Protein chains: 2
Amino acid sequence: MKEVAAEVGVSPATVSNAYNRPDQLSEGLRRRVMEAAGRLGYTGPDPTARGLRRGRVGAIGVLYADRLSYAFADPAAVLFFEGVSRAAEEAGLGLLLVPGSISGRHDPEAVRGAAVDGFVVYCMAEGDQMMGAVRDRRLPAVLVDDPPKDPAGDMPNVSVDDGGGARAAAEHLVGLGHRRIAVVTFELAPRPVGGLAGPDRQAQTAFRSTRLRLDGYREAVESVGVPWRDVPVYECPENLPEEGERAARILLGMRPRPTAILAISDQLAFGVLEAARGMGLSVPGDLSVVGYDDVPEAARANPPLTTVNQPHVEKGLLAGRLLVARLGGGEAEGPGPLPTRLVVRGSTARPARGHGA
Amino acid sequence: MKEVAAEVGVSPATVSNAYNRPDQLSEGLRRRVMEAAGRLGYTGPDPTARGLRRGRVGAIGVLYADRLSYAFADPAAVLFFEGVSRAAEEAGLGLLLVPGSISGRHDPEAVRGAAVDGFVVYCMAEGDQMMGAVRDRRLPAVLVDDPPKDPAGDMPNVSVDDGGGARAAAEHLVGLGHRRIAVVTFELAPRPVGGLAGPDRQAQTAFRSTRLRLDGYREAVESVGVPWRDVPVYECPENLPEEGERAARILLGMRPRPTAILAISDQLAFGVLEAARGMGLSVPGDLSVVGYDDVPEAARANPPLTTVNQPHVEKGLLAGRLLVARLGGGEAEGPGPLPTRLVVRGSTARPARGHGA
DNA sequence: TAGCTTTTCTGAATCGATTAAGTAAAACGA
DNA sequence: TCGTTTTACTTAATCGATTCAGAAAAGCTA
């Protein structure tokens, strides 16, 4: 910029104005500045320097608890990102993806070094050290799905009615007459091992939305007199269809065999469907399956998956807009929990006779 | 930082060293600095200021031609991002998503303002003005899939064997005996209208990989004596299953009806499958369908989709690593075209009698 | 034409760090 | 004990812009 100023014979301040407030200088000079800039290959103010001086870098960070590559493998997370990116776009901001873990190690370093104006914190376990790092940055932040227990900070949050959605899913099954129900869930807490999760393990559930869903399932089955301890819960170490398949093969190998499976995500449900196919079980004839998320693929699955819709994109959009509002100095508060909705498709039906009660 | 320095009674340089080169000062002082920092709520050097001084901000930008929300809606793009994010993670860098279009307007502004150390340019049309903006930034950049015609810059690229993959797909169909083949493609050039694309429109194809695929199809069908003009090509304005469905309904309404459809992406192929279902056509009995990309859902589709596998994640990983190498000052060159591979599943078969020739 | 406002541009401080070069003190070798 | 190396810090320049408080020039009014 100094060079451009020298070339035109004006002060750097003027060049800066040429870019940032064209009304502050005469039309002719502005043209000359731009022309000289073009000649010297200057494309405008350096984003970093501008960021430093202005105190805003023009980007919002999305903090994801795990490795970024996991996030991209999860269609629900991707839908959420889509929403956030839309909000960022509206505000003309960039979107920096900030991993909570780097090469497998959980490390708040990325949070400290992220050049952003604020954070959208997604999918963070309660009490995660990452939250401390976010707070320390003293930047506006919006929490999604998992508001931490300590409400010390003034961070607003956006969440969905996870409990209600899960309850609706389970009520649908018990309403159809299912009594032998099994649950396939993803990580209950960071660094999971996988396998059947007894009461102890379930009590460790660190993700709020996960706990809410499990509680929702529980309420529904207990409401028809099925004790929760009779409902096997299989914890998958990763939210992948292959893991869901493995879990389902184990659950479906139990006797008496479950007549229905509640999967805590569509990804896992797809695996359950695959397992049923592989074991020669027809869905929904021999087995009913309910997913969670209602990702686009759910409608195209074979059979079309009954699942719980949650407004992922809207969730991201609202979280993003909320952050943008906070960036602007507002004290905007998060909306109440977003609605979830059971979508009945072709993967659920009454249990075959003799299996129900 | 100045405050911390004052608190401890040392110079700011020492505080900086405490964070960046702990070996430069005594253990005791370092502890005192850290302790004072904690007391004053200082979390370490400001990323922006550090970026300015060091000339590196610790982030790489992924430039996507369209709106970010479109990118997230495309599973292939998401897989690519996954690869790039993995490379970024390896190098301890952040990932900034840079939209080529903001609220629908194609605008290189985001490129100018992106605080990054380099770009991975994905899916850019040839001759896009965006490329000029990237070049002007004079940052290392890696081109993916669509190297622009002018090889003026020294930007390396990573691409896949799109022509070969497409040819294999079409050869598979003609090998099965199909002669009435139709093509469903996504945008041929920016700002598409959609509809049947005649030779004129096809000649405008601005995305290199798209043209390579179309050419691959063409070679294969012409090799068995079918003139390319007899192959209807339907251009969808967006890469969405719904668009593929609409396209297929139109193509399948033509008489004589095509016995096979080549879809240029799996997303579109899913729509084709849906259209066939809706029209009471069995796949592969009445209609064969081949996709492109081999996204995870392809294997789970009903029927499992025959498609062309391309290593999306690896492509992103290589592009990311290449950029990282360039960032380090290396002159690393891109690998040759990555292989594509036809994956035959359940959506293709010999045409029903009487429809072939 | 004097006095006043407006327009157009400049000077200089500032944002928050990094880093090469330099200095004072401590440790070391002979 | 003197010269030399090492250790532990500091000084001051720099990264590339923004922005506020003026100053000079121009335009306007009466």
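As the structure is a prediction and not an experimental result, all values here were calculated from the model. Lettering follows sequence order; numbering is per chain, from 1.
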My understanding is that only residues two or more places apart in sequence, or in another chain, count here; which of them pass salt bridge (Lys or Arg N to Asp or Glu O under 4.0 Å) with B/Glu7? B/Arg39
Please check if atom CZ in B/Arg112 has more than 12 non-hydrogen atoms from other residues, nucleotides or ligands closer than 6.0 Å. yes
Close N/O contacts between protein and nucleotides 25-27 of chain C (under 3.5 Å):
none

Separation of B/Leu318 CG from B/Leu338 CG (nearest 0.5 Å): 5.5 Å
To the nearest 0.5 Å, tell me how far B/Met124 CE sits from B/Met131 CE. 7.0 Å
Got a sec, which residues hit side-chain contact (heavy atoms from CB on, under 4.5 Å) with A/Arg54, two or more places apart in sequence or on another chain? A/Asn20, A/Arg50
Counterpart residues, side-chain contact (heavy atoms from CB on, under 4.5 Å), relative to B/Arg21 (two or more places apart): B/Asn17, B/Asp23, B/Gln24
Among residues two or more places apart or on two chains, list those pairs meeting side-chain hydrogen bond (donor to acceptor under 3.5 Å, both in side chains) that have a residue in residues 311-326 of chain A. A/Glu90-A/Arg321, A/Asp145-A/Lys315, A/Asp293-A/His312, A/Gln310-A/Lys315, A/Arg326-A/Glu333
Sequence-aligned protein contact record of nucleotides 8-18 of chain C, with B where the base is within under 4.0 Å of a protein heavy atom and S where only the sugar-phosphate is: SSBB-BBBBBB
